[in-house]
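This report refers to the structure that appears directly beneath it.
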Amino acid sequence: MEYRKLGKTNLDVSVICLGTMTWGEQNTFEEGYEQMDYAVDQGVNFFDTAELYPIPPKPDTQGKTEECIGNWFKKTGQREKIILASKVAGRAPMNWLRGEWTLLDRENIESAIDASLSRLQTDYIDVYQLHWPDRRMSMFGADGLGYKHYEAETIPILETLKVLSDLVKAGKIRYVGVSNETPWGVHEYIRLSETKSLPKIQTIQNPYSLLNRTYEIGLAEMSYRENIGLLAYSPLGFGVLTGKYLNDMPSKSRLGLFGEWFTRYSNQKCRNATSKYFAVAKKYNMSLCQMALAFVNTRPFVTSNIIGATTMAQLKENIKSIDTELTDEMMGKINLIHINNPNPAP
Ligand SMILES: NC(=O)c1ccc[n+]([C@@H]2O[C@H](COP(=O)([O-])OP(=O)(O)OC[C@H]3O[C@@H](n4cnc5c(N)ncnc54)[C@H](OP(=O)(O)O)[C@@H]3O)[C@@H](O)[C@H]2O)c1
């Protein structure tokens with residue numbers, strides 16, 4: 001396993017981060033425990049979760065994933081070995097989680113952290129992330145590549161950051177991260193942390209894969225210059241970048257089971273680009289999955305690649321991507337496909 005520094009902290013995290021959002025829905029707790037055992041055995045020391053998981057979010061399953069991780073900590077006594085990232089939900093009308101809306105205000109965050117700590121059976125979370133912003137904006141690919149501006153009521157970022165600062169002081173969280181953020185949002189967090197002596201964000205968790213390289217447009221430079229590494233999520237575009245949906249719709253798969261929920265990577269442009277990447281992988285005797293994950297692992301602005309798996313075979317293949325190298329010749333071919341088929345799943 002390879003390790004990289006997390007932002008400006010003294011933490012070294014594995015390049016492969018274990019994603020968890022299927023545990024408690026597509027995967028049982030037992031399967032979650034088995035994934036954690038195997039990943040740790042392979043040198044993975046970084047787990048990513050959220051108060052909202054498992055996905056798809058539902059009132060009767062919410063919190064199950066953190067519960068699964070908490071049970072594993074208790075069972076194995078390995079809490080101290082793991083760098084744990086979790087998230088508080090941003091603004092959404094989820095009246096089944098906390099009040100009518102979840103918001104990034106003091107009341108919501110203080111209630112969210114205590115519930116997460118209790119489910120996780122721990123006293124602290126290493127990286128506490130804001131799952132998505134409080135301000136209204138295009139998210140999860142909703143408006144494609146276009147920018148749509150919304151003027152709407154929002155919790156000021158300063159308020160959110162002050163609450164997080166208090167949580168750091170209380171020892172409940174060590175570091176702060178954002179997710180599904182834009183260059184403006186990242187800049188605003190940095191500006192406020194510098195001018196008001198508040199915690200600096202250390203990570204940004206955004207989508208990044210061969211089907212979505214929008215991070216490179218405005219945020220990759222931020223990662224370099226501000227030392228805020230990317231925690232890349234959905235590196236396989238929900239599994240599309242294994243090629244398994246090219247000719248078939250496997251019934252026991254994310255899109256087979258929850259196709260109506262997960263539409264981001266299902267359009268024709270994604271299919272076209274995927275078949276082109278598939279041909280490159282084949283030419284170099286590599287699986288498309290290996291090539292797609294190695295692409296993310298080797299980008300210099302990436303701190304960690306958050307993989308997801310629903311079977312042990314998938315988990316093994318995905319962790320093994322750490323040993324895959326992409327030659328300059330392969331990268332040339334990959335970049336050419338990208339230029340001609342840019343960001344089909346923004
Ligand atoms: N911050 C956010 O808003 C956000 C959003 C999404 C994800 N995340 C984080 O990122 C993690 C990973 O995201 P993701 O699950 O969307 O990642 P992904 O790599 O794009 O998709 C993973 C899914 O693809 C399929 N798959 C994985 N490896 C495979 C293989 N070797 N062969 C065939 N199919 C394979 C599996 O689904 P099936 O077996 O069901 O097909 C698996 O659940 C999550 O667990 C979560 O921690 C964060």
Side-chain angles (χ1 to χ4, degrees), residues 16-27 31-32 35-36 39 44 46-57 65-66 68-69 84-90 92 127-133 139-142 177-181 203-212 215 230-246 248-259 261-266 270 274 281 286-297 302 304-321 324 345:
I16 299 292
C17 174
L18 185 61
T20 61
M21 75 180 193
T22 55
W23 309 347
E25 174 67 57
Q26 246 182 298
N27 289 112
E31 288 165 342
Q35 287 203 16
M36 287 184 267
V44 171
F46 194 20
F47 295 175
D48 176 69
T49 191
E51 64 163 339
L52 198 61
Y53 293 169
I55 292 290
T65 309
E66 285 188 332
C68 174
I69 297 169
L84 176 66
S86 191
K87 313 180 194 83
V88 52
V127 188
Y128 200 47
Q129 306 159 105
L130 307 166
H131 205 151
W132 60 88
M139 263 182 300
F140 305 110
V178 290
S179 180
N180 297 298
E181 256 304 352
T203 53
I204 170 165
Q205 181 176 146
N206 270 27
Y208 186 70
S209 70
L210 288 174
L211 297 175
N212 181 350
Y215 191 85
L230 171 62
L231 308 181
Y233 80 69
S234 296
L236 291 175
F238 294 167
V240 169
L241 283 167
T242 61
K244 68 182 178 182
Y245 296 109
L246 280 176
D248 206 6
M249 178 52 73
S251 56
K252 269 191 155 186
S253 64
R254 186 179 297 177
L255 300 190
L257 290 166
F258 309 109
W261 268 92
F262 297 112
T263 54
R264 192 172 193 173
Y265 300 90
S266 305
C270 281
T274 301
M286 203 177 265
S287 74
L288 175 57
C289 173
Q290 287 294 306
M291 186 178 94
L293 292 175
F295 168 76
V296 176
N297 294 341
V302 168
S304 200
N305 180 3
I306 315 177
I307 57 157
T310 61
T311 67
M312 287 305 291
Q314 289 179 3
L315 183 67
K316 287 175 188 173
E317 180 176 17
N318 298 356
I319 292 178
K320 212 171 167 350
S321 69
T324 303

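Whatever order the structure lists ligands and atoms in, that order sets their numbers, starting from 1.
For the pair Ile16 and Leu293, the minimum side-chain heavy-atom distance is 4.5 Å or more. Taking the side chain as every heavy atom from C-beta outward, Cys289 and Leu236 approach each other to under 4.5 Å. Inter-residue side-chain proximity for Leu231 and Gln129 is flagged as met; some heavy-atom pair is nearer than 4.5 Å. For the pair Lys87 and Glu51, the minimum side-chain heavy-atom distance is 4.5 Å or more. The shortest distance between side-chain heavy atoms of Trp23 and Ile69 falls below 4.5 Å. Side chains of Leu18 and Ile319 form no contact here, defined as non-hydrogen atoms less than 4.5 Å apart. Using a 4.5 Å heavy-atom threshold, the side chains of Met21 and Tyr233 count as separate. For the pair Arg264/Asn212, a side-chain contact is recorded, criterion being any heavy-atom separation below 4.5 Å from C-beta on.
Of the N or O atoms in Gly237, one or more lie within a sub-3.5 Å distance of an N or O in ligand 1. Among the atoms of Glu317, some N or O lies under 3.5 angstrom from an N or O of ligand 1. Any N or O atom pair closer than 3.5 Å counts here, and Asn318 shares at least one such pair with ligand 1. Below 3.5 Å of separation, one finds an N or O of Met21 facing an N or O of ligand 1.
Looking at Cys289 against ligand 1, only its side chain comes within 4.0 Å, counting heavy atoms. Of all the heavy atoms of Ser253, the ones lying under 4.0 Å from any atom of ligand 1 are found in both the backbone and the side chain. Contact annotation for Thr20 and ligand 1: only backbone heavy atoms (N, CA, C, O) come within less than 4.0 Å of the ligand.
Atom 17 (O) of ligand 1 has its closest protein heavy atom at Ser234 CA, 3.3 Å. Distance from atom 2 (C) of ligand 1 to its nearest protein heavy atom, with residue and atom name: Tyr233 CE2, 3.2 Å. Regarding atom 15 (O) of ligand 1, its nearest protein heavy-atom neighbour is Arg254 NH2, 2.6 Å. Closest protein heavy atom to atom 41 (O) of ligand 1: Lys244 NZ, 2.6 Å. The single protein non-hydrogen atom nearest to atom 36 (C) of ligand 1 is Gln314 OE1, 3.3 Å, given as residue, atom name and distance. The closest protein non-hydrogen atom to atom 37 (O) of ligand 1 is Thr310 CG2, 3.8 Å. In terms of protein heavy atoms, atom 3 (O) of ligand 1 is closest to Asn180 ND2, 2.9 Å. Among protein heavy atoms, atom 32 (N) of ligand 1 sits closest to Thr242 CG2, 3.6 Å.
At least one heavy atom of Tyr245 lies less than 4.0 angstrom from ligand 1. In this structure, Phe140 is part of the shell of residues with a heavy atom less than 4.0 angstrom from ligand 1. A heavy-atom separation below 4.0 Å is found between Tyr53 and ligand 1. Within the structure, ligand 1 has Lys87 among the residues with a heavy atom less than 4.0 angstrom away.
Proximity of the aromatic rings of Phe295 and Tyr208 is defined here by a centroid distance below 6.0 angstrom, and this criterion is met.
Remark: among candidates Gln205, Lys316, Glu181, the nearest residue to atom 48 (C) of ligand 1 is Gln205, based on non-hydrogen atoms. Closest heavy-atom approach to atom 27 (C) of ligand 1 among the candidates Gly308, Gly239, Ala309, Gly90: Gly308. Remark: among candidates Ile204, Leu18, Val178, Asp48, the nearest residue to atom 9 (C) of ligand 1 is Asp48, based on non-hydrogen atoms.
Of the possible polar contacts, one joining the Asn27 side chain to the Thr310 backbone as a donor-acceptor pair under 3.5 Å is found.
Thr65 and Thr20 form no side-chain donor-acceptor contact under 3.5 Å, judged by distance and modelled atom types alone. With 3.5 Å as the limit, one finds a donor-acceptor pair spanning the side chains of Thr324 and Gln290. Between Tyr245 and Ser253, the side chains place a donor N or O and an acceptor N or O closer than 3.5 Å (distance only, hydrogens not considered).
Each of the atoms 16 (O), 18 (P), 20 (O), 21 (O), 24 (O) of ligand 1 lies under 4.0 Å from some heavy atom of Phe238. Of all atoms in ligand 1, listed by their number and element, those nearer than 4.0 Å to a heavy atom of His131 are 1 (N), 2 (C), 3 (O).
Within the model, atoms CG of Asp48 and CD1 of Ile307 stand 11.5 Å from one another, a figure rounded to the nearest 0.5 Å.
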